[in-house]
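The sequence lines fix the lettering, A, B, ..., with proteins before strands; numbering per chain opens at 1.
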Number of protein chains: 2
Amino acid sequence: MRKGLLISVSGPSGAGKGTVLAKVKEMNPNAGNSISVTTREPRGEETEGVEYYFRTKEEFMKMFEEGEILEYDEFVGQYYGTPTIPLQEMSEAGQDVLLDLTIAGSLCLKENFEQAVTIFLLPPSMAELENRLRGRSTETEEAIKARLATASEEITQASSFDYVVVNDTVEDAANKIDAIIKAEKCRYIRNIDIEKEMN
Amino acid sequence: MRKGLLISVSGPSGAGKGTVLAKVKEMNPNAGNSISVTTREPRGEETEGVEYYFRTKEEFMKMFEEGEILEYDEFVGQYYGTPTIPLQEMSEAGQDVLLDLTIAGSLCLKENFEQAVTIFLLPPSMAELENRLRGRSTETEEAIKARLATASEEITQASSFDYVVVNDTVEDAANKIDAIIKAEKCRYIRNIDIEKEMN
């Protein structure tokens with residue numbers, strides 16, 4: 001059986017990753033999600049392995065040290081991370097997984113899973129990125145300038161990715177990512193049993 | 001400027017390459033064609049560099065020996081070949097080119113143009129290939145068996161191609177090839193100037 005694809009999308013702040021990924025998920029309803037591992041307490045009906053994997057801080061840091069967490073963030077004193085073992089299990093079971101990762105997260109994904117596919121989403125230009133940041137935000141001039149400087153630096157990471165997709169329109173960018181998913185499934189290297197399957 | 005993609009499709013006899021390629025060309029009206037070089041005389045209004053490049057047998061063989069012809073066939077005593085120099089020129093000018101090549105032709109294309117993309121089109125199964133050959137042909141049992149034996153051998157070449165596409169339906173196979181074209185244009189390696197273009 002063909003392994004499931006692990007596909008990640010990253011991009012500089014303001015590239016529009018969230019909106020584009022939502023559209024790609026709509027186009028690929030069978031693609032799985034990564035469930036995060038967190039140190040915060042379950043709330044209400046939240047179930048282990050459905051909304052999150054719940055772990056203590058000690059367990060979480062042990063997982064991280066053992067390479068079982070791709071990347072993590074801290075939010076209000078709690079950790080949230082992307083666990084590697086479920087990715088491996090889904091891929092082995094033939095399940096494609098679409099991941100929304102930071103740039104560092106995508107690079108770690110590729111290190112852990114050689115056959116993962118990493119996509120870098122870019123704004124059409126720095127000028128357009130500035131327009132978008134100014135258009136949507138109530139941030140100070142200083143904050144906007146800081147974001148632009150960060151984005152400018154982040155863009156130099158494009159060369160570490162398999163693909164670059166320019167987010168000129170959400171529709172067009174989502175179509176390109178969808179094409180990448182379809183194409184990658186046809187790579188010979190993912191279909192080495194095809195000759196046997198002919199018979 | 002991004003170079004044009006050189007994309008070839010090959011497949012065993014009976015895979016349905018002609019029909020699928022016609023559909024892909026419909027979907028990519030801007031993709032260029034390779035113009036063959038031939039030793040036969042121009043007929044009627046045929047113009048050098050439009051229908052064919054016309055060459056003497058001596059010139060043709062000299063081109064072949066100098067690696068300027070990817071592959072060639074003989075038909076009624078005349079040679080027909082795929083010239084490499086126009087491919088290089090079209091690619092440099094940013095023109096994508098969709099090529100209908102024999103298996104050997106695709107392998108030569110990849111040798112000559114490292115960044116070329118080769119696609120191997122497969123029938124859904126040997127049983128289905130047999131059905132198709134029997135359905136369409138008035139060939140003898142012996143001829144059909146010979147074709148199947150050839151196809152079976154040709155299928156073992158799939159591993160030399162970048163992509164494998166199963167021709168279950170023309171629509172589906174053409175969509176997959178179209179996705180491969182779209183995806184390949186997004187590969188970072190074909191967009192190494194993207195960071196500069198941002199500014």
Side-chain angles (χ1 to χ4, degrees), chain A residues 2 7 9 11-12 14-15 27 106 110 117-130 148 151-167 172-199, chain B residues 2 5 7 9 11-12 14-15 27 110 117-130 148 151-167 172-199:
Chain A
R2 204 190 55 225
I7 318 126
V9 180
M27 299 165 86
S106 276
K110 196 78 180 180
V117 176
T118 57
I119 301 172
F120 197 69
L121 189 71
L122 286 164
S125 67
M126 288 308 289
E128 177 57 24
L129 180 63
E130 188 166 350
L148 284 170
S152 192
E153 210 181 286
E154 286 173 332
I155 284 170
T156 64
Q157 303 261 22
S159 62
S160 304
F161 283 72
D162 297 320
Y163 294 93
V164 286
V165 168
V166 174
N167 184 13
D172 183 55
N175 279 335
K176 283 178 178 163
I177 295 174
D178 188 55
I180 293 167
I181 296 171
K182 284 197 175 65
E184 281 288 340
K185 289 185 185 186
C186 294
R187 291 189 82 82
Y188 175 74
I189 204 153
R190 301 188 196 280
N191 293 278
I192 52 176
D193 289 333
I194 194 111
E195 292 160 37
K196 277 183 240 156
E197 286 164 17
M198 282 294 105
N199 293 302
Chain B
R2 206 189 52 227
L5 267 186
I7 318 127
V9 179
M27 299 164 86
K110 195 81 182 178
V117 176
T118 57
I119 301 172
F120 197 68
L121 188 71
L122 286 165
S125 66
M126 289 306 289
E128 178 57 24
L129 181 62
E130 188 166 351
L148 283 171
S152 191
E153 212 180 285
E154 286 172 333
I155 284 170
T156 64
Q157 304 261 23
S159 62
S160 305
F161 284 71
D162 297 320
Y163 293 93
V164 287
V165 168
V166 174
N167 184 12
D172 182 56
N175 280 333
K176 284 178 177 164
I177 294 174
D178 188 54
I180 292 167
I181 295 170
K182 283 197 175 65
E184 281 287 340
K185 290 185 184 185
C186 296
R187 291 188 80 82
Y188 174 74
I189 201 150
R190 302 189 195 281
N191 294 278
I192 52 176
D193 290 333
I194 194 107
E195 293 160 37
K196 277 182 243 157
E197 287 164 17
M198 281 295 105
N199 292 306

When only pairs under 4.5 Å are counted, which of [options] shares the most heavy-atom pairs with chain A?
| options | value |
| --- | --- |
| B:Ser160, B:Ala158, B:Pro124 | B:Ala158 |
| B:Ile119, B:Ile192, B:Asn191, B:Asp162 | B:Asp162 |
| B:Ala183, B:Ala179, B:Cys186 | B:Cys186 |

**OP:** Pick whichever of A:Ile181, A:Thr156, A:Val165, A:Ile180 has the most heavy-atom pairs under 4.5 Å with chain B.
**Re:** A:Thr156
**OP:** Taking all non-hydrogen atoms of both residues into account, name the closest pair between A:Glu195 and B:Ser159 and its distance.
**Re:**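 So the minimum-distance heavy-atom pair works out to OE2-N, 3.9 Å.
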Subject >> Heavy-atom closest contact (B:Phe161 atom, A:Tyr188 atom, distance) >> reply: O-CB, 3.3 Å
Subject >> Distance in Å, B:Lys185 NZ paired with A:Tyr163 OH, rounded so as to fall on 0.5 Å steps >> reply: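 So the NZ of B:Lys185 and the OH of A:Tyr163 are separated by 14.0 Å.
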**OP:** Could you tell me which portion of B:Ile155 (side chain, backbone, both or neither) has an atom closer than 4.5 angstrom to a non-hydrogen atom of chain A?
**Re:**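 Both the backbone and the side chain of B:Ile155 come within 4.5 Å of chain A.
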